[in-house]
Amino acid sequence: MEYQIEIRVVPRRGILDPQGKAVHGALTNLGFPGVGEVHVGRLIRMDLEAGSAEEANERAVAMCRQLLANPVTEDYDVQVLAHAESAR
Amino acid sequence: MEYQIEIRVVPRRGILDPQGKAVHGALTNLGFPGVGEVHVGRLIRMDLEAGSAEEANERAVAMCRQLLANPVTEDYDVQVLAHAESAR
Amino acid sequence: MKVGVVTFPGSNCDYDCYKAAQEVLGAETVYLWHRDHDLDGVDVVFLPGGFSYGDYLRAGSIASLSPIMREVRAFAEGGGPVVGVCNGFQILCEAGMLPGALIRNQSLKFSSKVAHLLVERSVAPFTTAYREGQILRVPIAHGEGCYVAPDDELDRLEAEGRVLFRYCNSEGRVTDAANPNGSARNIAGIVNRAGNVLGMMPHPERAVDALLGSRDGVGLFESLAAHPMEIS
Amino acid sequence: MTVHSRPGDPAITAELVEEHGLSPHEYELILGILGRQPTYTELGVFSAMWSEHCGYKNSRPLLRTLPTEAPWVLLGPGENAGVIDVGDGLAVAFKMESHNHPSAVEPYQGAATGVGGILRDVFTMGARPIAVLNSLRFGDLDGESSGRVRYLLAGVVKGIGDYGNCVGIPTVGGEIYFDAAYEGNPLVNAMAIGLMKRDELITAVAEGVGNPIMAVGSKTGRDGIHGATFASAELSEESEAKRPMVQVGDPFTEKLLLEASLELIRSGHIVGIQDMGAAGLVSSSTEMAARGGTGVDIEITKVPVREKEMTPYEILLSETQERMLVVAREGREETVRDILGRWELDAETIGHVTDTGMYVVRENGNVVVEIPGEPLVDGCPTYTREGVESDHVRKLREWTPDRLQAREEEQDPSWALFALLDSPTIASKRWIHEQYDSTVRTNTVVGPGSDAAVLRLRGTRRAIAATTDCNGRYVYLNPYRGGQIAVAEAARNLVCTGALPRAVTDNLNFGNPLKSEVYHQLSEAVRGIGEACSVLETPVTGGNVSLYNESPTGAIYPTPTIGMVGVIEDVDNVITSGFRTEGDAVILLGRNTDELGGSEYLKVVHGLVAGDAPHIDLQAERTLQRALLGAIGTGRIRSAHDPAEGGLAIALAECAIADSSRPTGIEIELDDPLALPALLYGEAQTRVVISCAQADVEAVLAHFETEGVAARRIGRVGAANGRFRIQTPEATIDVPIAAVARTYYDAIPRRMEASPIDVATALESEVSVP
Ligand SMILES: Nc1ncnc2c1ncn2[C@@H]1O[C@H](COP(=O)(O)OP(=O)(O)O)[C@@H](O)[C@H]1O
Ligand SMILES: [Mg+2]
């Protein structure tokens, strides 16, 4: 069956995140109060045909390793949603 | 109290998504089966000091309108997590 | 005529615009600072290329919110001519002063080369020094120059003759092969409804000296000089 | 003062000392200098300052032999960058720096931060950067591990491009070679060039007792801790494990630092400014103090940090990018802050200059480091070792062409031509340099694609030319000659644009100097470079040493990259490598001799790396170069290009297809009594292909005759889009020029395009540098 996969890739903790820094600055300049740490990452949404949720998850993790995330600078996590509740 | 906000910004349906297209191609080249539509968007994580979850949510939506999402090409959705369960 | 060039943090073609306006037009030229609240009485505003605020988040998104942009918008609403080149074009779209948006090149790569441009219309105040159908050689240098807009918006742009430049090949044919970034309908430069706000990805200010390979950008500056707009 | 070791500091053991890259002998010296055991923090300080990268342990004695002086040299080695006078009251600062190991671990960020560092070295001299070049080496693009190679190439090129493009400095040239020798250990050398008025020169000194020392720019994180020592050790499994310490570049902050620094320097409110580069705060502060003959006293808790609970050790050694150390004039801190604030930059006063000559660091007042500055900076022992050539290389060199068996396919004389045109090392580098903004700042008269880049100097008739060159295979087969050739080719490339070669920055990329055959390569190459620089009057004004370039697959080819800058009196005389006009005469300067050793032909066609590097006579080289400059000065020469990898046939092809939109055919006739491969593809030095109008042929030939340079007409520029025709006594190559162009321009794209690698690279960069 077809699953919807959502992959979230974010700069690894402790590593400089210039984009997050810039967004933080911009939001503060716009006068938004209470803004703490900001980090900007990537969101990948994908329809994936797989035999089971486990299989879909394994494949997505392999994709992150091989292509979607940089092992040196980024962390990622994978969510598998049954297609019904797909957001998009 | 401090909330963790997670904002997902994704290319609007029908708008060209060169990255999504490229990722689809690359995954297929790498031999991953069953890959359907792929879209690449942005994930923004933020710590936000606010009086209530509602207030935090409203403010985050305002941020999206003013800066974080492009109304012409992108859709967004906002999630407010109590800080405890913050992922990062 | 007095020309103003806006410097945002991260602008890096402001100097080139400044020099081009000064050397081509012999016009008085001044830098405008992103935090300023007045335009110093200029007759033309340039939003130069570069990476304002590092182009973090989206190219031009943060700069479009800076104080000077309120003045620029008011100036444009009063009929004053505004030219946004490259990052300047991105800023104008992000500010909602031009329709559509500029996204990642289809190649996903930064593209630096000389592009051929077809002058689609010869109109005041930007392109009267060119012939319609004239082919220009102008450098491009951008990673997010793929122009997108909803189809009805694109139809309107064309119907109202607001597409001034299109990417073409050396014979002037508008082909996919000649499209360096995947822009919808090969669009390289457009104006707003009133016709006094121009956004274009190619760099006319880099094409004003034969020594550097092309003078085809000169026409844009000469057109501006020929049509001093009376600010209402 | 008593020095406190901090709670939680590890005990100083022999193992710990070794981990810090210090030998027992060096540790003895440290005990002598301090008169006591160092604290953990002090050990870190020594290990950084006495690493190869900062201390030049193994190379300093050799570097001392290089010529460094000339009337036009304003500032030689030892500063952040060398500076030369280019006339009309203008001066040019330039330097080359390597980021090999960081790029091997994380290609995108490694290359990007390499560019950032070299730009800071230039603008901290008071010069505005006007151009960047890059010299790259990767493994084989077709080998089994070509996947990794493509990943590295894509990442490095995007990193260099994104950084320079964002800061707004044009990347105008460079070089790139592909060879299995670099597979585990790619080379990424970046060169930056800056322009200033002669009198705007500032040097990085900490003087004036009581002057405040300010930290400017990004907050300090745990980035790249021990990068300097990392850069001085072989790549291994452990270094893989050290990964989390990669530095991330922020070109936006760099651009702000650039503008703010130049404004500060012009303002006269500061006495010194320096990049916090390798070994971060430690090296910048100690080196500035040493130059000023002063001491410094730093309160570590004042340094703005990005992360919680950072120790003095971490803060001192962090290599967070886009940070500068500024020594302000007493009482001017506020003005300095205002200028920085204009550019959205923060500055914190972290200490002050003292007259004690001591390097003192405190944590909340407690002294955690107290080291005499002079021995810390200059006391690093240097080693002169015994170099021994490896027998393997000696044997390789004995190979001679007469043993060569022609390949089946070579029946068709054009087969080898296309094989070479398709070799990534020879093929067009357009796929790479189209990712670099080469025209921003509107000074680029000649960008990537010709022999050297040319930049006009606004407000004058003048221009400067720049290039980087080194054929590592030559240096491997014959370090001495290879070193000479690297310099000679760089100079030749400048001359081919009409520039007078003026000065050199070098980047010595070698293996582990403790291995006697590597030390032999190093010392012999430096000897060759020194001689060539003397004869060609191009002193070395600075450079960088990168040793331990080894990996499980072995040492790299010794690669002393030469970056060279030249001056053009009249920008209207600039020429490029491409043939210009239908019917022009094609003239060859120099002689075709039997030189197949170390050639790309042997490698590509026969899979051989053998023979000796080509002969080179430096005097003849100089004579040819000066004669060619004279000829270009007369305005009669329409193009000039020197045969390099692939020899005469490839050089002729490059001249004919330099403009990919309108390649010109050529008709060439060669009568030299040489075997076909040597004649067409041999890499004999000191040759240049020029073109001129038929009407000028007599005058041009006469000019070279009186100058004592062999010159003869070998053919004509044929019909545009015509045929590529070379006739020799043995055979004739006659192919459509369009086919030649297609092969040359498609070689790299067809290997890179639509590769998943490419996409990965595009994605990764999302998060950090746009
Ligand atoms: N990594 C690179 N970045 C930018 N330009 C490059 C790079 N590699 C090669 N080029 C350009 O390609 C052209 C040919 O390079 P190369 O073959 O090294 O020339 P030559 O043999 O004359 O030294 C030069 O103009 C050079 O600047
Ligand atoms: Mg050359």
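Every chain is numbered from 1 and lettered A, B, ... according to where its sequence line falls, protein lines coming before strand lines.
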### Query
Non-hydrogen atoms of chain C under 4.5 Å away: do they reach the side chain of D:V167, the backbone, both or neither?
backbone
### Query
Nearest heavy-atom pair of C:Y147 and C:C93: which atoms, and what distance?
CE1-SG, 4.4 Å
### Task
Please state whether the side chain, the backbone, both or neither of C:S11 comes within less than 4.5 Å of a heavy atom of chain D.
backbone
#### Entry: Polar side chain donor-acceptor pair, C:S111 to C:N105, under 3.5 angstrom
no
### Task
Check whether D:R430 gets within reach of chain C through its side chain, its backbone, both or neither, counting any heavy atom under 4.5 Å.
neither
### Query
Thinking salt bridges, do D:R128 and D:E259 make one under a 4.0 Å N-O criterion?
yes
### Task
State plainly whether the residues D:D572 and D:R461 are in salt-bridge range, i.e. N to O under 4.0 Å.
yes
#### Entry: Contact origin within C:N87 toward chain D - heavy atom pairs under 4.5 Å
neither
#### Entry: Interatomic spacing from OG1 in D:T113 to CD in D:Q247 - rounded to 0.5 Å
5.0 Å
### Task
Hey, can you tell me if D:W343 and C:W33 have their rings parallel, tilted or perpendicular (30° and 60° cut-offs)?
perpendicular
### Query
By number, which residues in residues 182-190 of chain C have some heavy atom less than 4.5 Å away from chain D?
none
### Task
Go through the structure and list residues passing ring-ring contact (aromatic ring centres under 6.0 Å, His included) with C:F126, not counting sequence neighbours.
none
### Query
Side chain, backbone, both or neither: which part of D:T444 has a non-hydrogen atom closer than 4.5 Å to chain C?
backbone
### Query
Looking only at heavy atoms, which of residues 131-143 of chain C get nearer than 4.5 Å to chain D?
C:P139, C:A141
### Query
Going by atom types only, do D:R458 and D:T442 share a side-chain donor-acceptor pair under 3.5 Å?
yes
#### Entry: Partners passing ring-ring contact (aromatic ring centres under 6.0 Å, His included) against C:Y18 (at least two apart in sequence or in another chain)
C:Y31
